[in-house]
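Remember, it's a predicted structure, so these values are computed and weren't measured experimentally. Residue indices begin at 1 and follow the sequence shown.
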Amino acid sequence: SPFSGYLNAAAFQQPADGTFGNVGRDSVYGPRYTNVDFSINKETAITERVGLQFRAEVFNIFNHPNFALPSGSVIPGLDQFGIPDLDPATNKPFAAGLITQTPDVAQGNPGLGGGGPRVIQLGLKVKF
């Protein structure tokens, strides 16, 4: 699944009291980020001193889904709320590092910015 499996919690155990463990910084990578934006401009002279500019901009033109990083803290055997994270059918841990949002939602501006859906913006400007 593209939303889970970035971290295998079963491969870790709680560190001894008073220690922090030995996992290196930035050792978990999230999903690939792909974004293509496109814009086109047209300037038209109305008089010698007045002009008109039309602009069309498309953000995430291919509407590629992008997902945020997995949850930042993982306690082996527990989910992010401290509840035992075991699959009742197999009694094994669920995939840790679950991804539940896109980067724009994680930053507090859904629909605007990285990871959001395709956005089309039109602009008309009079230049004088």
Query raised in the report: Distance from Leu52 atom CG to Glu43 atom CD, nearest 0.5 Å?
Result: 9.0 Å

Query - Whether over 12 other heavy atoms sit under 6.0 Å from Ile40 CD1 - result: no

Query raised in the report: Going by heavy atoms in the side chains, are Val58 and Arg118 under 4.5 Å from each other?
Result: yes

Report task. Decide yes or no for Asn60 and Val119: does some side-chain heavy atom of the first lie under 4.5 Å from some side-chain heavy atom of the second? Result -> no

Report summary line: One should read off an interatomic distance between Lys127 NZ and Thr44 OG1, to the nearest 0.5 angstrom, of 11.0 Å

Query raised in the report: What's the spacing between Gln53 CD and Asn41 CG if we round to 0.5 Å?
Result: 5.5 Å

Query raised in the report: Do Asn66 and Pro31 have side-chain heavy atoms sitting under 4.5 Å apart?
Result: no

Requested in this report: Check whether any side-chain heavy atom of Phe54 sits under 4.5 Å from a side-chain heavy atom of Leu122, and report yes or no.
Outcome: yes

Query raised in the report: Taking a hydrophobic cluster as the set of Ile, Leu, Val, Met, Phe, Trp and Tyr residues connected by side-chain heavy atoms closer than 4.5 Å, whether directly or through intermediates, do Phe62 and Tyr33 fall within one such cluster?
Result: no

Query - Separation of Phe128 CZ from Thr47 OG1 (nearest 0.5 Å) - result: 11.5 Å

Requested in this report: For residues Ile61 and Phe38, report the shortest heavy-atom separation together with the two atoms involved.
Outcome: CD1-CB, 3.8 Å

